[in-house]
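Keep in mind that what you see is a predicted model, and the values were worked out from it rather than measured. Per chain, numbering begins at 1; letters A, B, ... match sequence-line order. Only this structure's heavy atoms are used, side chains among them; waters, hydrogens and symmetry mates stay out.
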Amino acid sequence: MKFYYELKHICKQSNARYGVLHTPHGDVETPIFMPVGTLATVKTVSPEELYAMNAQIILSNTYHCWLRPGEKVIANAGGLHGFMHYQRPMLTDSGGFQVFSLAKNRKISEEGVTFKSHLDGSTLFLSPEKSIEIQNKLGADIIMSFDECPPYPCDYEYMKNSIERTLRWAKRGKEAHHNDNQALFGIIQGGEFKDLREYSAIETVKLDFDGYAIGGTSVGESKPVMYKMIEDAIPYIPKNKPRYLMGVGTPEDILEGVLRGIDMFDCVLPTRIARHGAIMTSTGKINIRDKKYEYDLSSLDSQCHCYTCQNYTKSYLRHLYKCDEAFGKRLLSIHNLHFLLDLTAQIRKAIQEDRFLDFKKEFLEKYGKGKPTTLVK
RNA sequence: GGGAGAGUAGCGAAGUGGCCAAACGCGGUUGACUGUAAAUCAAUUCCUGAGGGUUCGGCGGUUCAAAUCCGUCCUCUCCCA
């Protein structure tokens with residue numbers, strides 16, 4: 001079954017859209033948050049737990065799976081789905097983010113990127129073709145074009161050269177992609193430069209991908225800059241294609257993204273900060289380590305229906321955290337993931353009922369730190 | 001009864017005349033984390049009116065200066081009887 005996106009409804013109050021991604025492993029309702037499972041695992045959480053929290057699609061990563069265990073091992077097990085015992089839709093990132101996050105260990109050339117392995121120092125070469133080839137073997141439903149995620153801040157000339165090269169890489173990757181069961185998304189870059197964002201968007205769309213991502217976000221820029229990056233690119237992305245804001249994020253950023261017409265989000269934040277004791281709740285972020293929860297027999301969030309909140313107290317979760325128990329990290333990860341998944345579920349409902357703006361306002365008022373919300377349209 | 005050794009901040013443990021309010025680790029208290037080199041990193045941790053004040057088992061001494069040297073007492077550990 002071939003991938004396609006179905007736009008179902010645009011909220012009458014904003015650009016927020018409700019739609020469905022049809023993939024070989026099932027449908028995904030959008031807007032959606034995608035938990036990140038870099039090394040073929042959403043850290044500490046089982047597939048069954050992901051199903052239970054209604055995760056519809058998760059991410060994995062080309063670079064990391066390429067290094068360990070290697071794409072051959074994964075292909076041998078029937079791709080990521082078989083390997084991980086996970087049967088819902090999946091997306092793999094191309095390794096483009098590692099061009100940013102592992103910048104100290106890599107060198108970019110026209111041909112591709114030479115990495116010095118962060119594991120053993122060996123020299124590795126990732127090209128657009130190689131990234132696609134690996135992703136073909138990993139077998140995710142959606143794969144990403146190999147790009148350079150440029151640093152922030154970044155000067156204009158560097159950014160211009162970078163996006164031109166990323167466009168050439170996008171073309172090469174598309175030509176190397178020969179699996180009709182996998183959708184291929186292009187990635188729009190351009191940093192904070194409006195003209196470069198627009199140019200990158202226009203040229204990437206010309207290559208005709210199954211969906212479009214906005215990249216180079218959440219790399220240190222301020223929130224207004226990030227929101228502007230979205231606004232600069234969105235008008236050039238066809239309405240009948242899904243839009244994916246890469247590496248985002250926080251509840252506020254997801255709401256701001258949806259407001260501007262984003263359909264897909266992914267972020268390590270919920271799982272990472274859970275392992276570090278930080279918890280997202282309907283009334284704001286808390287840290288379970290804090291002493292004030294020592295005797296607190298309430299759940300993390302009275303509004304939450306996740307497994308953790310149904311069964312465990314803050315007092316107990318604090319104990320697990322302070323003892324560095326793996327079960328604590330798992331329970332906190334389940335909660336944070338559930339929180340963002342539930343947020344996107346509420347968002348979808350609000351959009352269908354043409355009250356997304358009202359929902360956004362109500363949510364942020366309760367969540368606190370309700371940053372200034374720019375109204376669009 | 002005889003002999004040897006040891007007592008340092010919440011705990012462990014450096015320091016053995018001035019550079020010591022005292023390394024370091026743990027523990028405690030907080031903060032950060034946005035396509036995961038992150039079960040990580042950072043701050044803080046004697047009291048304080050922030051000027052200082054009171055500390056290194058207790059007390060007394062030597063010295064310009066003591067956690068560090070001397071005397072004495074207390075406590076603990078080990079060995080011999």
Side-chain angles (χ1 to χ4, degrees), chain A residues 33-45 57-65 67-68 91-106 115-121 124 131 135 140 142-150 152 185 187-189 211-223 225-227 229 244-254 256-257 262 264-280 285-294 318 320-333 336 340:
Chain A
F33 174 77
M34 305 184 281
V36 179
T38 304
L39 278 162
T41 170
V42 177
K43 290 185 194 293
T44 77
V45 182
I57 173 171
I58 64 172
L59 245 74
S60 190
N61 181 279
T62 299
Y63 176 85
H64 292 283
C65 288
L67 266 62
R68 278 192 312 203
L91 180 153
T92 43
D93 187 27
S94 62
F97 186 69
Q98 279 61 48
V99 180
F100 164 77
S101 63
L102 301 176
K104 274 174 250 164
N105 298 332
R106 58 88 176 131
F115 288 95
K116 204 167 175 56
S117 164
H118 68 281
L119 297 175
D120 62 8
L124 304 160
S131 174
Q135 293 188 78
I142 300 171
I143 69 176
M144 300 302 297
S145 188
F146 186 59
D147 65 327
E148 178 193 357
C149 176
Y152 181 89
F185 281 25
I187 303 177
I188 296 162
Q189 293 290 352
Y212 297 92
I214 296 174
T217 47
S218 60
V219 289
E221 77 283 8
S222 68
K223 288 185 184 297
V225 167
M226 182 203 289
Y227 304 153
M229 289 171 172
Y244 164 24
L245 183 62
M246 305 187 83
V248 175
T250 65
E252 306 96 297
D253 291 345
I254 288 173
E256 297 298 337
I262 298 292
M264 303 160 71
F265 302 85
D266 82 282
C267 195
V268 305
L269 201 67
T271 45
R272 180 183 289 169
I273 70 175
R275 275 178 272 119
H276 300 166
I279 300 303
M280 292 178 273
K285 207 172 101 180
I286 67 168
N287 196 315
I288 198 62
R289 186 224 291 128
D290 290 359
K291 188 167 180 64
K292 58 188 167 192
Y293 304 121
E294 190 172 17
R318 177 175 192 269
L320 293 179
Y321 179 80
K322 292 192 66 95
C323 295
D324 199 27
E325 282 293 334
F327 188 46
K329 298 176 198 310
R330 184 166 137 221
L331 290 174
L332 297 178
S333 294
N336 274 350
L340 288 185

A:Asp253 CG to B:U34 P, straight-line distance once rounded to whole Å: 11 Å
Mate of B:C76 where both pairing distances stay under 3.5 Å, Watson-Crick or G-U: B:G5
B:U29 to B:C73 separation - P atoms, rounded to the nearest Å: 44 Å
Proximity to the side chain of A:Asp290 - top-ranked nucleotide from B:G31, B:G35, B:A39: B:G31
Nucleotide B:G31, atom C1' - distance to NZ of A:Lys291 in whole Å: 18 Å
Base-pairing assignment for B:G27 (Watson-Crick or G-U wobble, both under 3.5 Å): B:U45
Closest-nucleotide ordering on RNA chain B, the 5'-leading residue of A:Met246 and A:Lys329: A:Met246
Heavy-atom closest contact (A:Leu124 atom, A:Ser117 atom, distance): CD1-CB, 3.6 Å
Atom-to-atom span, NZ of A:Lys104 to P of B:A38 - whole angstrom: 12 Å
Rounded distance in Å - CG (A:Asn287) to P (B:U40): 14 Å
C1'-based separation of B:G10 from B:G28 [nearest Å]: 8 Å
Who pairs with B:A13 - Watson-Crick or G-U, where each distance is under 3.5 Å: none
Aromatic contact, A:Tyr63 with A:His118 (centres under 6.0 Å): yes
Touch class at under 4.0 angstrom, heavy-atom based, for A:Gln189 against every strand present: base
Separation of the P atoms in B:A50 and B:A66, to the nearest angstrom: 28 Å
Side-chain donor/acceptor contact of A:Asn61 with base of B:G35 under 3.5 Å: no
side-chain N/O A:Lys322 vs B:G28 OP1/OP2, d < 4.0 Å: yes
Sugar-phosphate, base or nothing in reach of A:Gly121, heavy atoms under 4.0 Å: nothing
Who pairs with B:A66 - Watson-Crick or G-U, where each distance is under 3.5 Å: none
Heavy-atom closest contact (A:Ser60 atom, A:Gly37 atom, distance): OG-O, 3.1 Å
Any A:Glu148 side-chain heavy atom under 4.5 Å of A:Gln189 side chain: no
Aro-ring/base stack A:His64-B:U36, d under 5.5 Å, angle under 30°: no
Pair of N/O donor and acceptor under 3.5 Å linking B:G28 base with A:Arg289 side chain: no
Sugar-phosphate only, base, or nothing, as touched by A:Arg318 at under 4.0 Å among non-hydrogen atoms: sugar-phosphate
Nearest-nucleotide 5' precedence on RNA chain B, A:Tyr321 against A:Ser218: A:Ser218
Between B:C41 and B:C26 - P atom distance, rounded Å: 11 Å
Nearest listed nucleotide, side chain of A:His118, among B:A39, B:A37, B:U29: B:A37
P atoms of B:A21 and B:U54, separation to the nearest Å: 13 Å
A:Tyr63 OH to B:A38 P, straight-line distance once rounded to whole Å: 10 Å
Per A:Asp324 side chain, nearest of listed nucleotides B:G31, B:A37, B:A39: B:A39
Side-chain touch A:Ser333/A:Lys43, heavy atoms, less than 4.5 angstrom: no
Sugar-phosphate only, base, or nothing, as touched by A:Ala213 at under 4.0 Å among non-hydrogen atoms: nothing
Nearest atoms (heavy-atom pairs only) where A:Ser131 meets A:Ser94: OG-O, 2.8 Å
Whole-Å P distance, B:C79 and B:C69: 27 Å
Under 3.5 Å donor-acceptor pair, A:Lys292 side-chain atoms to B:U30 base atoms: no
Atom-to-atom span, CD1 of A:Ile262 to P of B:U34 - whole angstrom: 19 Å
Separation of atom CG in A:Leu67 from atom C1' in B:A37, rounded to whole Å: 10 Å
Interface with RNA chain B, restricted to residues 265-275 of chain A and to heavy atoms under 4.0 Å: A:Asp266, A:Cys267, A:Val268, A:Leu269, A:Thr271, A:Arg272, A:Ile273, A:Arg275
A:Gln98 side-chain N/O to B:G35 phosphate OP1/OP2 under 4.0 Å: no
Which nucleotide in B:A37, B:U36, B:C33 has an atom nearest any side-chain atom of A:Asn105: B:A37
Working for salt bridge (charged side-chain N to carboxylate O under 4.0 Å, His left out), residues A:Lys329 and A:Asp324: CA-CA 8 Å; A:Lys329 298 176 198 310; A:Asp324 199 27; 2.8 Å; yes
Nucleotide opposite B:C20 in a Watson-Crick or G-U pair, distances under 3.5 Å: none
Least distance between heavy atoms, A:Asn287 atom then A:Gly277 atom: OD1-O, 3.1 Å
C1'-based separation of B:A43 from B:C33 [nearest Å]: 15 Å
Touch class at under 4.0 angstrom, heavy-atom based, for A:Ile187 against every strand present: base
Span that lies between the C1' atom of B:C46 and that of B:U55, in whole angstrom: 7 Å
Non-hydrogen atoms of A:Val36 and A:Thr38 that approach each other most closely: CG1-OG1, 3.5 Å
Side chain proximity check, A:Leu245 to A:Asp253, heavy atoms < 4.5 angstrom: no
Interatomic distance where NZ belongs to A:Lys43 and P belongs to B:A39 [whole Å]: 6 Å
Under 3.5 Å on both distances, the Watson-Crick or G-U partner of B:A81: none
Any A:Thr271 side-chain heavy atom under 4.5 Å of A:Thr44 side chain: no
